[in-house]
Each structure stands twice: as C-alpha cells, then as structure tokens.
Amino acid sequence: MASDDSLHILVIEDDADTQANIRDILALDGYCVSAASTCAEALDRECWDDVSAILLDRKLPDGTAEEILPRLRQLAPHAQIVVVTGFPDVESTIGALREGAYDYLLKPINPDALRASLRRIAERKRIEQSLRESEQRMRVILNTAADAIITIDQRGIVQSVNAATVKMFGYSRDELVGHNIKLLMPPPYHDEHDGYITRYLETGEARILGIGREMVGRHQDGSRFPIGLTVSEVDHLGLFTGIVRDISAMKELQKQVLEIAAEENRRIGHELHDNIQQQLTGLGLLAKTVADRLKAGATDASFSTTSDMAAQVATGIKEAANQVHLLSHGLVPVEVDAEGLRSALANLASRINEQYGMQCDFHCAGVVEVSDNFVATHLYRIAQEAVNNATKHGRAKRIEISLTEVDEGMTMKVLDNGSGIGARFDAGSGMGLQIMQYRAGLIGATLRIGSGEDGGTQVICTALRGGGG
C-alpha cells in the first residue's frame, strides 16, 4: 500500500497488545511511529513539530481523552487527533470531537478503517500546506506591490493592509486594522464614504465599485495628496478591496506639461512680437511709402528709389515668412514613413544650423527602419528637447545627432559641447528632463542623460522594436 511517509504518528495507548497491533500496521505501511502509554509520558515529549497525527486512547490510567485533548491541541496545533475507544459511547465521542478530535475508531482496530482515516488526514495536511503556501505567496505579492491594497468590511472597518499602505499613508498596521477607512480620507470624502457602502448594500447601485476614480488621501500628519482608487467586492466574504495609487508624480508631471506649453506659447509670442511683428511694421511703413509715391506719380529721378524700396519689401516679406516657417516647423509633429524619423532628424539638424548659426550634424549608420509612428514621434521629440536644452541652457557651439541600429532596436544619441549637465543633474529636476524621461517610458525605451566623454551633455535613448504603446 502506498503511504504518506511524511506523516509522523504518535500512538497514546496503555494496552500493550493494542499498541503493538497499531504500530505493526503503521510500520508495515511505512509511517514513522512513536508511542506513549500514559498521558504524562505523552505530555513529557520535547518535540511536537514533526507530529502529524495522534492516535489517542479514550481512557488512560492517568486521564481521559476529553481531559488531555485541549493540552494536545495546544502542543501540536497542526496535528490531527483520532480517538480510539472500546466502547461506542455517543456522548463521550461527541465531547471528544468538540474538544478538537478529527475522527474516532473502535477497538479492535480495523486496519482498513485506520488506513482510510490516515489517508484523509494526509490529504487534509496536503490541502492545508497548499493553502499556507498560497497565503505566503499572496502575502509576498501584496507586500511587494507598489500600490496600497486595503480590505474593509461592510461597516468600512479595515481588515488588512499591505506594506505599501503603511508606507504611503504613514500609519502603522496596528493603527489601521480595526479602524474605519475614513481615517485615510479628508473631507468631503471622509463624510461621504459610509453613504457609498450603505447605498450599495441597500440598492445594489455601485457608484464606485469597479470604476477607477481620482480622490484625495490624507497622510498621518494631516497633509493631503492625490490618489487613484479602484474598489472591488469580494462577494462570498462580504468584503471590499481597494487599490490605491499615489498619483502625486503624475499630477506634477501634468502640471509641468501645462507649464511647458504655457512657456512655449510665451516664447512664440515673444518671437512674433519682438522680431516678426517689428519686421512687418517696418515693411508696412515702407510699403506705404512706395504706395504714396506711386499714387503721386513717380518721376524718373525717384523711380529708382521707389523700385529699391519695393525690392526691400519683397525681401523683408520673404525673410519674415522664412522665420515663421522655422518657428512653426518645430510645433508640427513628425509624420513617419519608412524613412520618416531619419529625415525628420536631418531636418532638425539643418534647421538648428540655419536658425542659430551653429554646427549641428546628423549621422545615421546604415538603414534604421521605424514602422511605428508613435515610437518615432517620441524619439523625435526627445531629440528636439535635447537640442533645445543644448542651445538655450548649455550654450553649445556644436551638436551631433546620430541614429544607429542595434540588436532588436535602435539607439539615438544627442551630444553637445556645451557647459554640461554635471553635478546639476537630478533625475527629479528640470521639466524638460522629466518630459524626456516620460516620453521614453511611453515607448518602453531606456534613457540615459549625463556628461559627455569630452564635456558637454549626452542624451542616449535606446528603443526596442515593438516597444511602443
């Protein structure tokens, strides 16, 4: 017979023949067996961790099963206890079961009945071990999750929290478990929460279940911060689980994007007002002079001067149109075909040469194909931001842009000879740097920003094919 040799069975039986019979059956089946003849002898055992099952005689010289059961359950909480009795006393049997016995057998011991009981114990042990391992895995997952995971009951009382909850809100686990979830909410969410649960339990109307929403959380120190919340119901347990994400960084990024957009609008406004508008005003006055002269009738002596003025108007209009073209070109997203990114980066280098009068070169080693417009657009914007930083903040005189095919992807580099980023670089500072990091994250690319080998700044972005969102 196949047996579970992981079971260590303790036999507590004062009748020598019965004890020997039981030991013979168990030894034949390959079980590990130890024995005791009295309560005192059994309780004197030092190690109980390996005991999986206990066969306990109902009547011993120094006590009954009902008397010793509580102590055995305390010493060996994971062991299953089978009471062995020679008298089928229903009340005593029920009493033993109430005290924690798993099963009972009648004397003389039927080997098949004993084996069946032990098989059930072995199966139960396997199930319990599987559940413990599953709980441990789940606990590890929950405690390594970056988001806060909170379980509450129908009264809003916290039943469990993970490590991220403690870190995010600043409360200890003991300060949260057993208290109302409203502890983590400022008004008006604090006052509305109980109403959500009550309304749902009464009407079944789920206003927040399964729907992600943005709210405000409250730290232990009373400070507030934006959170994203998703709530689901554990139907058969009458519990609710909330997953909370701190979206402070996302909100800050959104704010910075708006600030960048506003700053870009201001820059464009200054360019239009201080440069192009002044040119157009001067051209307008010059054109009026030409018109007045033509209206008055130009003489041979003044015709040459009038003609020169008209030529100046035409040249000025052409220069203004060119400046408007350069200004607007940087605002138009790149359209990608098979050579789109390569062409766009080459045009970017050419425009910087023309607009700022500096050396900006583009190199592309081999054929680098980009079929994903999403990836190409963000790579272009990263290069554009790096170039803008080099011209405006780094005071660079030379910029090199390169695009190279690598294993399963491509690498784009922007190198300059400016003042360099050096010790000033902080991954959390600078809106432009954060936007580049954000764009790289959107396309699953890696981005490195630091000092170049010969000074200046280098921006290196590597994107894998198929990494786009």
Side-chain angles (χ1 to χ4, degrees), residues 249 252-271 274-275 323 326-334 341-364 375-404 410-443 445-463:
E252 181 62 25
L253 183 61
Q254 290 175 350
K255 177 183 175 183
Q256 291 180 0
V257 168
L258 293 175
E259 290 177 353
I260 289 174
E263 179 61 29
E264 188 68 7
N265 288 337
R266 285 192 293 269
R267 183 185 70 82
I268 294 172
H270 285 310
E271 290 281 350
D274 297 343
N275 190 3
Q323 290 184 32
L326 292 174
L327 188 63
S328 63
H329 186 73
L331 304 176
V332 180
V334 57
L341 179 60
R342 179 175 179 170
S343 299
L345 292 175
N347 290 336
L348 174 63
S350 176
R351 180 164 57 86
I352 293 301
N353 278 324
E354 184 176 353
Q355 187 171 357
Y356 293 96
M358 66 168 60
Q359 181 182 350
C360 184
D361 301 319
F362 171 70
H363 307 284
C364 183
V375 173
T377 299
H378 285 289
L379 283 173
Y380 175 79
R381 290 305 192 188
I382 290 171
Q384 187 181 45
E385 184 64 40
V387 167
N388 287 340
N389 285 340
T391 57
K392 297 177 182 178
H393 308 299
R395 299 183 297 278
K397 300 299 182 183
R398 186 181 71 254
I399 301 174
E400 294 182 7
I401 307 172
S402 65
L403 190 63
T404 309
M410 69 205 77
T411 294
M412 182 185 70
K413 296 181 181 180
V414 179
L415 310 177
D416 68 65
N417 68 342
S419 59
I421 202 163
R424 296 182 295 107
F425 176 62
D426 179 354
S429 66
M431 290 188 291
L433 300 181
Q434 289 196 42
I435 292 298
M436 284 194 285
Q437 294 280 10
Y438 176 70
R439 290 187 184 279
L442 288 177
I443 59 176
T446 59
L447 183 69
R448 289 178 292 158
I449 305 173
S451 298
E453 294 180 0
D454 300 322
T457 301
Q458 63 177 0
V459 176
I460 304 174
C461 184
T462 301

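All of these numbers come straight from a predicted model, not from anything done at the bench. The figures that follow rest on heavy atoms only: side chains count, while hydrogens, waters and symmetry mates do not.
Once rounded to the nearest 0.5 Å, the distance linking CG of L415 with CG of D361 reads 11.5 Å. To the nearest 0.5 angstrom, E385 atom CD is 9.5 Å from I449 atom CD1. With rounding to the nearest 0.5 angstrom, the OG atom of S402 is 9.0 Å from the CE atom of M412. A distance of 13.0 Å separates CZ of R342 from CE of M410, quoted to the nearest 0.5 Å. Between atom CD of residue Q437 and atom OG1 of residue T446 there is a gap of 10.0 Å, rounded to the nearest 0.5 Å. If you take CD on Q359 and CG on D416, they are separated by 12.5 Å, rounding to the nearest 0.5 Å.
No side-chain heavy atom of I382 sits less than 4.5 Å from a side-chain heavy atom of V414. Two residues are said to be in side-chain contact when any heavy atoms from C-beta on lie closer than 4.5 Å; N389 and T457 fail this criterion. Put simply, the side chain of L379 does not reach to within 4.5 Å of the side chain of L345, judged on heavy atoms.
Nearest heavy-atom pair, A463 versus I443, reported as atom, atom and distance to 0.1 Å: CB-CD1, 4.4 Å. Closest approach of N353 and C360 over heavy atoms only: OD1-N, 2.7 Å. Pairing each heavy atom of H378 with each of R439, the nearest pair is ND1-NH1, 3.0 Å. For the pair S419 and R395, the tightest heavy-atom approach, listed with the atom from each and the gap, is CB-NH2, 3.8 Å.
Partner of Y380 under the side-chain contact (heavy atoms from CB on, under 4.5 Å) criterion, out of V375, L341, N347: L341 alone.
For N417 (side chain) and A396 (main-chain N/O), no donor-acceptor pair under 3.5 Å exists by modelled atom type.
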